[in-house]
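One-based numbering along the sequence shown. Whatever order the structure lists ligands and atoms in, that order sets their numbers, starting from 1.
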Amino acid sequence: MNFIDTNKPVLVTGATGYVAGRLVEKLLTEGFIVHAAVRTPNDKDKTQYLDALAAKLPGEIKYFKSDLLEEGSYDEAMKGCELVFHTASPFIRVIKDPQKDLVDPAKKGTKNVLGSANKTESVKRVVVTSSCAAIYGDGVDVLEMPNQELTEDLWNTSSSLDHQPYSFSKTVAEKEAWEVNKAQDRWDLVTINPSFVLGPGINPHASSESYSIMKQIGKGDFKMGAPEFNIGCIDVRDLAEAHFQAGTKAEAKGRYIISGTNSGFLEIAGFIKNKFPNYKIGTKKLPKWMLWLMAPSVGMTRKEVSKNVGFPWKANNSKSIKDLEMKYRPLEGTVTEFFGQLVEAGEIPKI
Ligand code: NAP
């Protein structure tokens, strides 16, 4: 870890988020001083989980008030840092205006954070949390890929403001990051491209979309069956390890697909039903036409259903295993521990 001075602070943007929580835990475990850049540093409901970790782990945490849309807002938090983790970006499905609610904070926010890196002489490496969504837009796209699998060489070309706007926001934000990086030569950029993140976070009441599917399953939305919606999954704790390795290994380079399992909603529902048999969870395949009909009532568009249900999903994670020494945990424990955590916390009704 000589590449990064462990006595220097490390910045984490969006530190109160789901993904960031486990990363901050890892950094505190390793003894780092974490500069936590958040929108609402006085919101104890959010910061209490980070504070509890800082109280028992060797590292320290300091909060900074920052917003992606305010230029220069990360300057203060970045002071003295050699390593920056940029995780903040909206991950929401319910939006009014895709440009304002998703693309602006993602793209302008990235430009803003990296603009601060350009001004901060101490910065050596920036790790940006991108997504597999910057590699593919819809399940149907995977059929066109070489070997029908996602690799770090590919980019999402099918998403737009009107269709899969979240995926579009992640694509334009990552492209922005590479552009800003290429225009200078002091700090290097590594991107982490996770698939769908699951597993117990530090805050069981967080609002990331990752929690929605567990809650939907918990309240019986899948009682008639689960859609054949295939996706990749990554445990939030493995993802924290990936960020840490990407930040501290001198040789880490470029993009990294971080995905533990090629899976899907059917398998996830099956794991939960096995462990929590009292819940009304159908484990049979919900016919595509039925989901297509009910799409708007479950927060999907019919185009999303057409282009995403019934397609195989595969990502190549070999670069992460080779360079970052990733060891991925099995999905079953990730899913059942996550569901159990949300039941315990009252986020899913106890049955
Ligand atoms: P999350 O819990 O909602 O975290 C998003 C973070 O972004 C929050 O800390 C939020 O701050 C911050 N943020 C949003 N808008 C902001 C703004 N205008 N100014 C400052 N901060 C802002 O979601 P997450 O799942 O942890 O996502 C974290 C990152 O992982 C994102 O970049 C997301 O795209 C990426 N990712 C997630 C998944 C997944 O399945 N969860 C998969 C691939 C990639 P507040 O705490 O103030 O709301």
Side-chain angles (χ1 to χ4, degrees), residues 11-24 36-50 63-71 73-74 77 85-95 100-113 116 127-136 150 156 164-174 176-177 191-214 231-240 242-243 255-260 263 268 315 334-335 338:
L11 171 61
V12 180
T13 72
T16 39
Y18 168 51
V19 166
R22 289 288 179 193
L23 170 62
V24 173
V38 298
R39 278 193 282 194
T40 49
N42 296 325
D43 183 350
K44 281 278 165 215
D45 284 347
K46 285 189 174 180
T47 56
Q48 60 173 305
Y49 303 97
L50 295 172
Y63 293 99
F64 295 82
K65 184 169 165 53
S66 310
D67 193 293
L68 290 170
L69 295 168
E70 279 170 32
E71 228 188 296
S73 184
Y74 292 86
F85 291 99
H86 176 38
T87 80
S89 200
F91 183 30
I92 41 176
R93 282 188 67 86
V94 182
I95 46 155
K100 200 165 138 280
D101 300 340
L102 288 169
V103 175
D104 283 351
K107 186 177 174 188
K108 289 186 187 164
T110 298
K111 191 173 179 195
N112 190 8
V113 171
S116 299
V127 178
V128 168
T129 312
S130 183
S131 175
C132 280
I135 295 178
Y136 86 114
L150 279 73
N156 175 350
Q164 306 281 29
Y166 166 72
S167 303
F168 182 63
S169 78
K170 295 304 287 180
T171 308
V172 293
E174 193 193 324
E176 180 72 31
T191 67
I192 292 290
N193 296 68
S195 55
F196 193 52
V197 188
L198 294 168
I202 65 161
N203 170 6
H205 307 291
S207 61
S208 163
E209 277 298 326
S210 289
Y211 289 57
S212 311
I213 179 178
M214 293 291 119
I231 48 167
C233 297
I234 174 69
D235 188 291
V236 67
R237 297 158 291 186
D238 291 348
L239 182 56
H243 277 87
R255 308 170 90 193
Y256 286 98
I257 288 177
I258 303 296
S259 183
S263 181
I268 292 171
T334 300
V335 166
F338 194 20

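- Using a 4.5 Å heavy-atom cutoff, the side chains of Asn156 and Gln164 are not in contact.
- If you check which protein heavy atom lies closest to atom 45 (P) of ligand 1, you get Lys46 NZ, 3.4 Å.
- Scanning the protein for heavy atoms near atom 26 (O) of ligand 1, the closest one is Val19 N, 2.8 Å.
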Show your reasoning for whether side-chain contact (heavy atoms from CB on, under 4.5 Å) applies to Ile258 and His243. CA-CA 9 Å; Ile258 303 296; His243 277 87; over 6 Å; no

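- Under a 4.0 Å heavy-atom criterion, Thr129 is in contact with ligand 1.
- If you check which protein heavy atom lies closest to atom 10 (C) of ligand 1, you get Arg39 NH2, 3.9 Å.
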Trace of the side-chain contact (heavy atoms from CB on, under 4.5 Å) decision for Lys170 with Leu102: CA-CA 9 Å; Lys170 295 304 287 180; Leu102 288 169; over 6 Å; no

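- Of all the heavy atoms of Ser130, the ones lying under 4.0 Å from any atom of ligand 1 belong exclusively to the backbone.
- The shortest N or O to N or O distance between Thr40 and ligand 1 is not below 3.5 Å.
- If you check which protein heavy atom lies closest to atom 19 (N) of ligand 1, you get Leu68 N, 2.9 Å.
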Yes or no on side-chain contact (heavy atoms from CB on, under 4.5 Å) for Met214 and Ile268, after CA distance, side-chain angles and deciding distance? CA-CA 9 Å; Met214 293 291 119; Ile268 292 171; 4.0 Å; yes

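- When hydrogens are left out, the protein atom nearest atom 18 (N) of ligand 1 is Asp67 OD1, 3.4 Å; that is the closest non-hydrogen contact.
- Applying the salt bridge (Lys or Arg N to Asp or Glu O under 4.0 Å) test to Asp238 and every residue at least two apart in sequence or in another chain returns Arg329.
- At a heavy-atom distance under 4.0 Å, only side-chain atoms of Lys170, from C-beta outward, approach ligand 1.
- The N/O atoms of Ser131, backbone and side chain alike, include none that comes under 3.5 Å of an N/O atom in ligand 1.
- The shortest N or O to N or O distance between Pro105 and ligand 1 is not under 3.5 Å.
- Among all protein heavy atoms, the one lying closest to atom 2 (O) of ligand 1 is Tyr18 N, 2.8 Å.
- Every atom of ligand 1 with a heavy atom of Ala88 under 4.0 Å away is listed here by number and element: 7 (O), 12 (C), 21 (N).
- Of the polar atoms of Thr87, at least one N or O is found under 3.5 Å from an N or O of ligand 1, judged by distance alone.
- No N or O atom of Tyr74 sits closer than 3.5 Å to an N or O atom of ligand 1.
- Residues that satisfy the salt bridge (Lys or Arg N to Asp or Glu O under 4.0 Å) test with Asp43, not counting sequence neighbours, are absent from this structure.
- Per-residue contacts place Val197 under 4.0 angstrom from the following atoms of ligand 1 (heavy atoms of the residue considered): 38 (C), 39 (C), 40 (O), 41 (N), 42 (C).
- The distance criterion of under 3.5 Å between nitrogen or oxygen atoms is met by Gly17 with respect to ligand 1.
- Listed by number with element, the atoms of ligand 1 under 4.0 Å from a non-hydrogen atom of Ser210 are 39 (C), 40 (O), 41 (N).
- When Gly14, Ser89, Ser66 are ranked by how near their heavy atoms come to atom 5 (C) of ligand 1, first place goes to Ser89.
- Atoms of ligand 1 found under 4.0 Å from any heavy atom of Ser195 (numbered from 1 in listed order, with element): 42 (C), 43 (C).
- Minimum interatomic distance between Ala15 and Val24 (heavy atoms only, all atoms of both residues): CB-CG2, 4.2 Å.
- Residue Tyr166 holds the heavy atom nearest to atom 36 (N) of ligand 1 of all those in Phe196, Tyr166, Tyr211.
- Considering only non-hydrogen protein atoms, atom 46 (O) of ligand 1 sits nearest to Thr16 OG1, 3.0 Å.
- Each of Thr129, Ile135, Leu150, Val128 was compared with Asn193 under the side chain to side chain contact (heavy atoms under 4.5 Å, CB included) criterion, and only Ile135 meets it.
- The shortest heavy-atom distance from Pro194 to ligand 1 is under 4.0 Å.
- When Ile231, Asp235, Ile213 are each tested for a side chain to side chain contact (heavy atoms under 4.5 Å, CB included) with Leu198, only one passes: Ile213.
- The minimum heavy-atom distance between Ser210 and Phe196, with the atom names listed, is CA-CZ, 3.7 Å.
- Across all non-hydrogen atoms, the minimal contact from Thr171 to Ser167 is OG1-O, 2.7 Å.
- Of all protein heavy atoms, the one lying nearest to atom 3 (O) of ligand 1 is Ser208 CA, 3.9 Å.
- Put simply, the side chain of Val113 reaches to within 4.5 Å of the side chain of Leu68, judged on heavy atoms.
- Looking at every heavy atom in both residues, Ser259 comes nearest to Gly232 through OG-CA, 3.8 Å.
- Enclosure of atom CD in Gln48 by more than 12 non-hydrogen atoms of other residues, nucleotides or ligands within 6.0 angstrom is indicated.
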